[in-house]
Amino acid sequence: MYRKIYHYFYTLSLRWKLLCVVLPLVIVPILLVGSVTGYIANHQAYLGVTHTSKADLEHMTSFTIDLLNAHYQQFQVYKMDKERTLRLELATLTSLAYNLVESEYRQQASGRQTLATAQADASRALKKVNVAETGYIYAMTSKGTLKMHLAREGDNVFNEKDENGRLFIREICEKAVKNPGKVLYTVYPWRNEVLGDRKPRNKMVAYRYFPQWDWIIATGAYLEESSEDAEFERRSFADLKERIKSKQVGKTGYIFCMDSKGTFTLHPTAEGQNFFQAKDSSGRYFIQDMCLNKQGWIRYPWKNPGERSPRMKITHYAYFAPWDWIVAVGSYEDEFYRESNEIKSRILESMVVLTILIGTLAIGLLIIASKVLTDPINQMIEVIRRVKRGRLEEQMPVTSGDELGELATAFNRMTAMIRHNKEMESNLAQQGKMASLGVLSSGVAHEINNPLGVILGYASYLESKIPEDDPMYRFIHDIKRESKRCKKIVQDLLSYARTPKPNLEATNLNELLEQIVDFAANHTDMHGVTIIKAFQPDLPQVQVDGDQIRQVAINLILNAGAAMTDGGELVVQSVADGVDRVAISFVDTGGGIPAEYLEKIFEPFFTTKEKGTGLGLAITRQIVEMHMGKIEIDSELGKGTTVRIILPIEREVF
């Protein structure tokens with residue numbers, strides 16, 4: 001029988017388990033204590049409660065609410081006026097920005113400057129405009145790409161959401177396109193972590209669509225930066241608090257306010273402190289009860305420093321919604337009740353006996369609760385600790401159908417998702433490198449190529465004027481050599497970042513490889529290397545860009561030669577791979593590539609050569625992928641390396 005009951009209890013949901021365990025702890029004490037204390041208290045405790053005392057507390061609460069509401073209404077009117085002013089200012093700035101863009105457009109339309117120059121001039125001018133303390137002007141396309149922005153220029157924010165989850169950028173784009181040239185407005189909550197915002201602030205944006213450039217010109221500022229006079233409100237608020245604090249309630253009572261999280265916003269001694277976890281002298285979380293109920297009466301024992309025993313306190317509280325404040329007025333009962341002290345001895349005598357009985361019962365129930373609830377939770381905690389140490393393959397055992405079982409199932413799904421996300425992160429990191437390389441190559445080409453050309457020119461000129469036996473000749477020669485090396489690095493960067501779209505033509509790969517092998521055989525890196533040609537005679541013509549494939553083959557041949565410093569053999573092979581593909585293989589007898597490098601050799605800037613740039617194989621893979629092909633590599637230390645390129649015979653040209 002016991003096993004059946006225990007099994008039935010164990011299969012219940014966590015909610016029912018809690019009810020079965022905790023409900024007796026609540027109901028039994030309430031019934032027992034309420035029966036005894038009710039009989040005694042009904043005759044004497046409330047004899048001392050007068051209607052005047054409670055009415056006084058209610059009156060003081062209403063009075064405080066009225067003061068807060070008057071202050072709130074006064075500043076709402078003030079803020080609305082300031083908001084209208086801000087709306088006008090944003091509209092004016094947006095129109096001025098629109099006129100400036102329109103002027104630059106006319107310059108472009110007349111042919112006096114290019115589109116890029118006109119847009120760049122407009123961007124520079126508008127970025128200099130300050131709006132309030134942190135506001136600014138920005139521009140984006142109707143698809144949400146930021147064409148001008150202080151921090152996120154170039155980003156696409158079309159699907160950006162505000163703090164309420166609203167797709168506010170999409171709404172701006174759609175409304176702007178439907179109303180070209182018209183100033184429109186939107187207000188949305190936004191939390192700017194860069195500015196240190198801890199909570200969202202309302203931001204107003206005025207925007208106007210310029211269809212010629214597909215620009216939505218927008219001006220935004222936070223309402224609080226323009227709609228509030230902080231110093232004026234601070235002084236007014238301080239005066240309000242002093243007025244409330246000056247009100248006395250009975251002999252030692254006072255008025256205090258707190259938000260719904262339990263932080264005192266107005267208090268004689270504890271202002272700014274959080275008392276959500278505060279307990280009264282009986283151990284009850286009375287502040288939590290007030291925050292939960294928002295308004296009503298509460299009665300609790302409280303002991304101040306220096307007092308021998310706690311005194312019962314009664315408090316009336318009400319909710320002020322505009323500020324999320326709970327206004328409370330309280331005082332000790334012994335200031336309102338005349339006979340409450342007379343019943344304390346009898347209540348205490350009864351409570352001693354009841355406490356012993358209830359305590360015994362509670363201990364037994366708590367033992368059951370700890371056994372049923374804490375064991376599976378402890379098991380889960382142990383699994384969580386192992387996952388925290390990085391063992392994402394750990395799984396929580398699902399042994400029940402209650403909420404804990406559902407939690408374990410959800411946790412297992414979460415760890416699986418984390419493992420998947422880690423794989424995605426590695427892929428995204430690689431894509432980030434590619435994007436950064438494009439930006440880097442443009443800057444390097446512009447900033448380095450021109451001064452390198454000047455250095456090379458002067459070095460060549462000096463080299464021709466100085467005899468070879470001159471001590472300075474070697475230094476000039478070194479300058480020229482290293483400058484050429486830098487120029488080669490820049491050229492590799494540009495080749496990787498700006499690899500053009502292949503110009504596909506029907507090409508005889510065997511003839512192309514024949515030319516490439518004959519050319520590469522004379523390179524200094526190929527001295528001592530025997531090149532063997534193994535071309536399939538009836539190889540079909542392939543749609544490729546001959547120049548790009550030549551670059552790929554030369555790069556792979558020279559890499560193989562560099563790997564065979566003491567000489568060796570390189571086999572260049574072409575063969576049909578099925579009916580719609582061909583394969584080109586480069587098989588060398590060099591030292592091979594370590595296994596840990598195989599996954600990295602195609603990454604930009606990864607190289608094992610002392611003077612390599614790490615871009616050769618990256619460019620090679622890029623060209624092959626642009627031909628809709630793929631490149632494979634197989635290597636073993638001490639035995640050599642095989643690189644295999646697979647290309648489609650024909651492909652559609654887009």
Side-chain angles (χ1 to χ4, degrees), residues 83 85-163 166-192 194-195 201-223 225-226 435 438-439 442-443 446:
E83 185 173 327
T85 302
L86 175 63
R87 187 184 184 96
L88 180 60
E89 289 175 356
L90 293 180
T92 302
L93 287 173
T94 302
S95 296
L96 289 173
Y98 184 93
N99 293 337
L100 187 148
V101 171
E102 194 174 45
S103 174
E104 292 295 335
Y105 169 75
R106 289 197 294 269
Q107 293 286 328
Q108 173 224 330
S110 64
R112 287 194 288 272
Q113 59 183 2
T114 64
L115 172 62
T117 302
Q119 291 181 347
D121 290 345
S123 296
R124 280 193 296 271
L126 295 179
K127 285 179 180 178
K128 296 178 181 179
V129 179
N130 293 325
V131 183
E133 295 179 16
T134 61
Y136 52 87
I137 300 176
Y138 62 95
M140 60 183 173
T141 67
S142 60
K143 299 299 182 182
T145 300
L146 291 170
K147 304 297 290 184
M148 181 198 72
H149 195 274
L150 294 178
R152 301 181 62 186
E153 193 163 296
D155 290 354
N156 187 285
V157 295
F158 189 74
N159 293 317
E160 199 85 49
K161 296 180 181 180
D162 62 17
E163 298 299 325
R166 179 169 62 105
L167 295 168
F168 68 103
I169 293 294
R170 183 178 296 184
E171 292 181 8
I172 290 175
C173 293
E174 292 173 353
K175 290 181 180 179
V177 171
K178 293 179 181 178
N179 300 274
K182 183 179 179 181
V183 178
L184 303 172
Y185 304 89
T186 187
V187 177
Y188 57 90
W190 189 254
R191 184 172 68 89
N192 194 327
V194 176
L195 297 178
R201 297 186 291 167
N202 284 332
K203 192 170 187 178
M204 176 180 286
V205 173
Y207 56 95
R208 192 174 179 185
Y209 182 53
F210 185 70
Q212 290 84 348
W213 285 357
D214 189 31
W215 274 24
I216 300 172
I217 303 163
T219 306
Y222 287 105
L223 292 176
E225 293 180 358
S226 300
V439 177
S442 299
H446 179 73

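Residues Y98 and Y209 share a closest heavy-atom pair of CE1-O, 3.4 Å. Residues V131 and G220 share a closest heavy-atom pair of CG1-O, 3.9 Å. Residues L100 and A122 share a closest heavy-atom pair of CD2-CA, 3.7 Å. Smallest separation of non-hydrogen atoms from V205 and L90: N-CD1, 4.4 Å. Shortest non-hydrogen contact noted between A206 and T94 is O-OG1, 3.1 Å.
Side-chain contact between E89 and T92 is absent, with no heavy-atom pair separated by less than 4.5 Å. Looking at heavy atoms from C-beta onward, K175 lies out of side-chain contact with T186 at the 4.5 angstrom threshold. Counting heavy atoms from C-beta on, the side chains of T117 and Q108 never come closer than 4.5 Å.
A donor-acceptor distance shorter than 3.5 angstrom exists from the side chain of S123 to the backbone of Q119, with no hydrogens or angles considered.
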Side chain to side chain contact (heavy atoms under 4.5 Å, CB included), that's the test. Do D121 and Q107 meet it? Break it down for me.
CA-CA 11 Å; D121 290 345; Q107 293 286 328; over 6 Å; no
Evaluation steps, side chain to side chain contact (heavy atoms under 4.5 Å, CB included), between N192 and T134:
CA-CA 10 Å; N192 194 327; T134 61; over 6 Å; no
Under the criterion side chain to side chain contact (heavy atoms under 4.5 Å, CB included), I'd like the reasoning laid out for M148 against I217: C-alpha separation, chi angles, the key distance, then a yes or no.
CA-CA 9 Å; M148 181 198 72; I217 303 163; over 6 Å; no
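Atom OH of residue Y207 and atom OH of residue Y185 lie 10.5 Å apart, to the nearest 0.5 angstrom. Annotation: the span from K128 atom NZ to L126 atom CG amounts to 10.5 Å, rounded to 0.5 Å. In this structure, the separation between CD on Q212 and CZ on R106 is 10.0 Å, given to the nearest 0.5 Å. Note that CD1 of I169 is 9.5 Å distant from CG of D162, once rounded to the nearest 0.5 Å. The distance from atom OH of Y105 to atom OG of S110, rounded to the nearest 0.5 Å, is 10.5 Å. Distance CZ/F158 to CD1/I172: 11.0 Å, rounded to 0.5 Å.
The salt bridge (Lys or Arg N to Asp or Glu O under 4.0 Å) test applied to R170 returns no partner, not counting sequence neighbours. F168 is linked by a ring-ring contact (aromatic ring centres under 6.0 Å, His included) to Y188, W190, counting only residues two or more places apart in sequence or in another chain.
Residues in residues 138-152 take part in these side chain to side chain donor-acceptor pair (under 3.5 Å) pairs, two or more places apart or across chains: Y136-H149, S142-D214, T145-N156, R152-D155, R152-E160.
The pair E102-R208 does not count as a salt bridge, with every side-chain nitrogen at least 4.0 angstrom from each carboxylate oxygen.
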